2 protein chains.
Amino acid sequence: MNPHTRPETTARRNASQSSPYHHGDLRRALVEAALALVTEEQDWGFSLREVARRAGVSHNAPYRHFPEKRDLLAALAVAGYEALRVKLVAAAETAEGPEDELVAIGVAYVQFGAENPARYRLIFGPDLLTGGLGMPASVAEAAQAAKAVLVDVIARGVQTERFAVSQDTQAERDRVVLTAWALVHGLTMLLIDGLAGPALPPAVSETVTRSLLDGIRKRP
Amino acid sequence: MNPHTRPETTARRNASQSSPYHHGDLRRALVEAALALVTEEQDWGFSLREVARRAGVSHNAPYRHFPEKRDLLAALAVAGYEALRVKLVAAAETAEGPEDELVAIGVAYVQFGAENPARYRLIFGPDLLTGGLGMPASVAEAAQAAKAVLVDVIARGVQTERFAVSQDTQAERDRVVLTAWALVHGLTMLLIDGLAGPALPPAVSETVTRSLLDGIRKRP
DNA sequence: CACCTAATGTGGACGACGTCAACATGAATC
DNA sequence: GATTCATGTTGACGTCGTCCACATTAGGTG
């Protein structure tokens, strides 16, 4: 079982307001407080001490769960990628057939970024990068899981011959996935930065995703 | 003339090593030192004090030129966008005709990001955002100037009927520009984050940019 | 040239931060 | 019931961004 979940023992902090020495579920409380801070301030420049304050513990308690601030950010990122994955899966289920699923995923992806820009930035954020070695393994894993939703729908599109690739090789499928991901990722970023002009996210994301579709759809 | 350039009076710091009370060209020196720090550490978490140290002035001197650290970052971003614009223009000049120019711009764009990831991130960075109002005017302006290179080549492609748009309206041209920008921007970010797989930047950027071209090229 | 003023740089201070080390508490195990 | 070890607390250190008062000097004015 996941060490984070603690089903029986409800956190000691809830019932009695006389805060006990041990919190009971501090790790989760810290991640939640940090996410709230990121969402409120739209920035991950928050201090570890502020997170501790919100969780009602001393400024040093977080160090028992996260060796550095970076590790708390990484935990946030993992949760963020997981939320993204869930949203993409849900979006794909509302549509039928690879083409519509791809559009639905694209729109949902952009919406995910637009509804909490700071969290979206965080999961791709440079503060996670561990000294030239890329993101921590846990984060990379969560990112791959989210990417897998996209990989899936494209694989199905290619397999059912709705999407055109010059040859059905791994490299060709990878190219299409990378193109699609780059497009929605870039669009999300530009929207967040206010560089995508005055158009509204839902409209522009559908239009742009459809133009991706036009590029890869098999022509009669 | 640009107020930053000071042609006659060479900076007082260069000739005599007994540092004079006034630096002479501190603003430029600070921006250069900051860019060096960003490049070296691949992170813009540097301290203003470190920048001041490198420029050989007291920790408070920068405040005469930048009210806050954010303003120094903004100056860096302006310089970054300008460097990007120059690189894109140069790339466009190596090619002939809208199609090849577009590919050349795309490849150069991705290369710009890959050769200094931290600088690239910085210019789109959240630390610039001035309280929900987007980036400072100077940065937005520099960003538009860089974008203009892309706008130009696409406008020429549409005008000479090499690129296909359903109707030649402003909105349609904007859509194509946004799609193109989103694609190269997203690809650059994914590459920087190590999320684009094992393929090398030059190869993948050419492939992906060409697939963009396939999407918008007029078909016989 | 002498003077003045405004621009520019210095030094010190303050509160907040990340992190370390030493100590306190109490839940789980024997 | 005693012990152990994970978890939380207190205090300290060096650094940071920023504010304030003061020092220096460049450039315009007489």
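Lettering follows sequence order; numbering is per chain, from 1. Predicted, not measured: the structure shown is a model, and the values here were computed from it.
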> Just how far is it from atom CD of Glu82(B) to atom CD1 of Ile123(B), taken to the nearest 0.5 Å?
Replying inline: 11.5 Å

> Starting at CG of Asn60(B) and ending at P of dT8(C), how long is that distance when rounded to a whole Å?
Replying inline: 15 Å

> Is any side-chain heavy atom of Lys87(B) closer than 4.5 Å to a side-chain heavy atom of Tyr109(B)?
Replying inline: no

>> Whole angstroms only, please: what is the CG-P distance between Asp25(B) and dT25(D)?
In response: 19 Å

>> Let's go through Tyr81(A) and Phe112(A) carefully: what are the C-alpha distance in whole Å and the side-chain angles of both, what is the deciding distance for ring pair (Phe, Tyr, Trp, His ring centres under 6.0 Å) to 0.1 Å, and is it a yes or a no?
In response: CA-CA 10 Å; Tyr81(A) 276 114; Phe112(A) 178 86; 8.8 Å; no

>> Tell me the interatomic distance from Phe46(A), atom CZ, to dC17(C), atom C1', rounded to whole angstroms.
In response: 13 Å

> Toward the 5' end of DNA chain C, which comes first, Arg64(A) or Gly45(A), by nearest nucleotide?
Replying inline: Gly45(A)

> Taking only residues two or more places apart in sequence or in another chain, which ones pass side-chain contact (heavy atoms from CB on, under 4.5 Å) with Thr207(A)?
Replying inline: Arg175(B)

> Taking atom types as they are modelled, is there a donor-acceptor pair under 3.5 Å from the base of dG12(C) to the side chain of His59(B)?
Replying inline: yes

>> Please tell me if Ser58(A) has a side-chain N or O lying less than 4.0 Å from either OP1 or OP2 of dG8(D).
In response: no

> Whole-Å distance between dG8(D) P and Leu30(A) CG?
Replying inline: 8 Å

> What salt bridge (charged side-chain N to carboxylate O under 4.0 Å, His left out) pairs are there with at least one residue in residues 65-77 of chain A, not counting sequence neighbours?
Replying inline: none

Quick one: side chains of residues 125-149 of chain B, donor-acceptor pairs under 3.5 Å with protein atoms, not counting sequence neighbours, listed by atom name and distance.
{"unit_1": "Asp127(B)", "atom_1": "OD2", "unit_2": "Trp44(B)", "atom_2": "NE1", "d": "2.4"}
{"unit_1": "Thr130(B)", "atom_1": "OG1", "unit_2": "Gly134(B)", "atom_2": "O", "d": "2.9"}

> Between atom CG in Leu26(A) and atom C1' in dT25(C), what is the gap in whole Å?
Replying inline: 15 Å

> How close do Ala180(B) and Leu212(B) get, heavy atom to heavy atom, and via which atoms?
Replying inline: CB-CD2, 3.7 Å

> If you pin Arg49(A) and Ala61(A) to their nearest nucleotides in DNA chain D, which one's is more 5'?
Replying inline: Ala61(A)

> How far apart are the closest heavy atoms of Gly80(A) and Arg119(A), and which atoms are they?
Replying inline: CA-CD, 4.3 Å

> Mind checking whether Leu88(A) and Leu84(A) have side chains closer than 4.5 Å, heavy atoms only?
Replying inline: yes

>> Please check this pair: side chain of Glu41(A) against backbone of Val38(A), looking for a donor-acceptor N/O pair closer than 3.5 Å.
In response: no

> Hey, can you pull the residues of residues 67-77 of chain A with a non-hydrogen atom under 4.0 angstrom from DNA chain C?
Replying inline: Glu68(A), Lys69(A)

>> In the structure I gave you, are the side-chain heavy atoms of Gln111(B) and Pro201(B) within less than 4.5 Å of one another anywhere?
In response: no

Check nucleotides 4-6 of chain C for protein N or O atoms closer than 3.5 Å to its own N or O atoms and list the pairs.
none

>> Distance check needed: dC17(C) P versus Glu50(A) CD, whole Å only.
In response: 7 Å

> Any donor-acceptor pair under 3.5 Å joining the side chain of His65(A) to the base of dG8(D)?
Replying inline: no

>> Distance check needed: dG15(C) P versus Arg53(A) CZ, whole Å only.
In response: 15 Å

>> What's the separation between atom CG in Leu35(B) and atom CG in Leu76(B), rounded to the nearest 0.5 Å?
In response: 6.0 Å

> How far does the helix from dC1(C)-dG30(D) to dC30(C)-dG1(D) bend, going by the axes of its first and last five pairs, to the nearest 10°?
Replying inline: 10°

>> Rounded to whole Å, how long is the line connecting atom CG of Leu48(A) with atom P of dG8(D)?
In response: 14 Å

